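Order of appearance sets the numbers: ligands from 1, and atoms from 1 within every ligand. These numbers come from a predicted model, not from an experiment.
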Amino acid sequence: MNALLIQALTQKLGLPPAVFLEETTSTNDEALRLAEAGAPDETLVVADYQTRGRGRMGRSWITRKGSALAFSLVLRPRSREEERLELFSPLGALSVASALEDLGLQPQVKWPNDVLLNRRKVCGILVEASWTGERLTALVVGIGVNVAPSAVPPDEWLIYPATSVEEITGHPVDRMAVLEAILLAFRRWRHELGSDHFMKAWQERLAFLEEEVVVQPPGQSSLRGRLLGVDGEGNLRLQLAGGEEIKLAAGDINLRPVT
Ligand code: ATP
Ligand code: BTN
């Protein structure tokens with residue numbers, strides 16, 4: 001992976017000029033900076049190595065050299081998209097899932113923002129927004145995918161078990177090809193953001209459907225229930241032991257299967 005290959009890819013896909021960095025703190029930092037400087041919709045920032053990659057709530061995301069995909073897209077949401085901002089994280093997950101399906105894999109989406117292979121995390125997505133007062137000026141969708149086994153951090157660093165694409169395929173996988181497939185799928189699913197087809201595709205790929213799970217909303221005690229799916233707003237539907245159904249908005253909720 002290098003700047004020339006990234007430029008060639010963005011030209012082929014008709015994307016605006018991209019930024020490739022051998023090393024950066026976080027591609028989301030760089031994309032937010034570019035957004036403030038006026039970068040157009042679909043500007044891509046790719047890095048080979050992140051020194052301070054991040055997940056939600058300032059948790060860290062490890063990106064090692066030569067083994068992963070770490071990239072961010074600057075988006076300028078259109079007005080109808082602004083009404084569905086909560087769906088951009090599932091949009092990223094659905095796009096990565098579609099790209100992995102092209103490789104013959106069976107990914108699942110761990111609500112709301114992770115992609116799993118064999119029930120282990122292979123990809124994380126972090127969506128951040130840039131505001132001017134009350135006005136949304138840009139959205140940055142950051143995606144990290146473990147491609148080679150060396151991308152996977154040691155178990156003791158992780159809250160949730162992880163894997164890589166190559167551990168599951170059993171053969172080498174070209175990072176550039178995965179990136180291209182994700183970008184193509186992203187465009188396709190973005191056109192359908194919030195449509196019945198989009199919501200159904202997300203629901204069909206949900207991890208732990210009909211299984212007992214534990215969710216941990218911030219500052220509250222954990223809840224245990226059966227995972228029923230997502231509703232039209234993207235909320236998680238959970239059936240508690242007494243039969244009552246509750247809905248949870250994404251926020252900072254951790255979801256785990258009961259093992
Ligand atoms: P979780 O993944 O723990 O269920 P989450 O979706 O909220 O929760 P974040 O906290 O946003 O995840 O993402 C950061 C977490 O991802 C870290 O806490 C760490 O456990 C995990 N992580 C960091 N780097 C990697 C990686 N390369 N592959 C898989 N998981 C990673
Ligand atoms: C998560 O696991 O929930 C989110 C992880 C998001 C990681 C990607 S890698 C590219 C972009 N840059 C970052 O610092 N984070 C995202």
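Relative to atom 31 (C) of ligand 1, the option among Trp111, Trp61, Trp157, Tyr160 with the closest non-hydrogen atom is Trp61. Which of Ser60, Gly124, Ser67, Gly58 comes nearest to atom 15 (C) of ligand 1 through a heavy atom is settled by distance: it is Ser60. For atom 13 (O) of ligand 1, the nearest non-hydrogen atom from the set Gln216, Lys121, Arg120 comes from Lys121.
Here's the thing with Trp61: none of its N/O atoms is less than 3.5 angstrom from an N/O atom of ligand 2. Taking any N or O of Asn113, backbone or side chain, at least one lies under 3.5 Å from an N or O belonging to ligand 1. Residue Gly55 places no N or O, backbone or side chain, under 3.5 Å from any N or O of ligand 1. For a threshold of 3.5 Å applied to N or O pairs, the pair formed by Ile159 and ligand 1 contains at least one separation below that value. Backbone and side-chain nitrogen or oxygen atoms of Arg52 are examined, and none is located within less than 3.5 angstrom of a nitrogen or oxygen of ligand 2. Distances between N or O atoms of Thr63 and those of ligand 2 include no value under 3.5 Å.
With respect to Asp29, the side-chain hydrogen bond (donor to acceptor under 3.5 Å, both in side chains) criterion is satisfied by exactly one of Gln50, Arg52, Arg54: Arg54. Here the options are Val141, Leu73, Asn113, Leu75, the test is side chain to side chain contact (heavy atoms under 4.5 Å, CB included), and the partner is Val127; only Val141 passes.
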### Task
Start with the C-alpha distance between Val215 and Leu238, add both sets of side-chain angles, then the distance that settles side chain to side chain contact (heavy atoms under 4.5 Å, CB included), and finish with yes or no.
CA-CA 9 Å; Val215 291; Leu238 211 62; 3.8 Å; yes
### Message
Let's go through Glu167 and Ser164 carefully: what are the C-alpha distance in whole Å and the side-chain angles of both, what is the deciding distance for side-chain hydrogen bond (donor to acceptor under 3.5 Å, both in side chains) to 0.1 Å, and is it a yes or a no?
### Response
CA-CA 5 Å; Glu167 274 172 65; Ser164 64; 3.0 Å; yes
### Task
Under the salt bridge (Lys or Arg N to Asp or Glu O under 4.0 Å) rule, what do Glu42 and Arg76 come out as? Steps first, then yes or no, please.
CA-CA 8 Å; Glu42 294 189 323; Arg76 303 283 180 189; over 6 Å; no
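Taking the charged nitrogens against the carboxylate oxygens, Arg188 and Glu192 have no contact shorter than 4.0 Å, which rules out a salt bridge. Between Asp48 and Arg64 there is no salt bridge, since no side-chain nitrogen of the basic residue lies less than 4.0 Å from a carboxylate oxygen of the acidic one. Ionic pairing of Glu233 and Lys247 is not present here: no N-O contact between side-chain nitrogen and carboxylate oxygen is shorter than 4.0 angstrom.
Within the structure, the closest approach of Arg54 to ligand 1 does not fall below 4.0 Å when heavy atoms are considered. Ligand 1 lies nowhere less than 4.0 angstrom from a heavy atom belonging to Val152.
Interface of Asn146 with ligand 1, defined as ligand atoms under 4.0 Å from a residue heavy atom, comprises 26 (C), 27 (N), 28 (N), 29 (C). Set against the non-hydrogen atoms of Pro153, the atoms of ligand 1 under 4.0 Å away are 24 (N), 25 (C), 26 (C), 27 (N), 28 (N). Close approach of ligand 1 to Asp114 (heavy-atom distance below 4.0 Å) involves ligand atoms 1 (P), 2 (O), 4 (O), 6 (O).
For atom 2 (O) of ligand 2, the closest non-hydrogen atom of the protein is Lys121 NZ, 2.6 Å. In terms of protein heavy-atom proximity, atom 10 (C) of ligand 2 is closest to Thr27 OG1, 3.2 Å. For atom 15 (N) of ligand 2, the closest non-hydrogen atom on the protein side is Arg54 O, 2.9 Å. In this structure, the protein non-hydrogen atom closest to atom 12 (N) of ligand 2 is Gln50 OE1, 2.9 Å. Atom 8 (C) of ligand 2 has its closest protein heavy atom at Gly144 N, 3.6 Å. Asn113 ND2, 2.8 Å is the protein heavy atom nearest to atom 3 (O) of ligand 2.
Figure legend: Lys110 and Tyr160 shown as a cation-pi pair, the cationic atom lying under 6.0 angstrom from the six-membered ring centre and within 45 degrees of its axis.
With a 4.0 Å heavy-atom cut-off, ligand 1 is reached by the backbone of Ile62 and by its side chain too. Under 4.0 Å from ligand 2, not a single heavy atom of Asp29 appears. Under 4.0 angstrom from ligand 1, the non-hydrogen atoms of Lys110 all belong to its side chain.
Open room surrounds CD on Gln106; 12 or fewer heavy atoms of other groups in view lie less than 6.0 Å from it.
A perpendicular orientation is assigned to the rings of Trp189 and Phe198, their planes being inclined by more than 60° (bins at 30° and 60°).
When only modelled atom types and interatomic distance are considered, Thr137 and Ser130 share a side-chain donor-acceptor pair under 3.5 Å. If you check the side chains of Glu82 and Ser79, you find no donor sitting under 3.5 Å from an acceptor.
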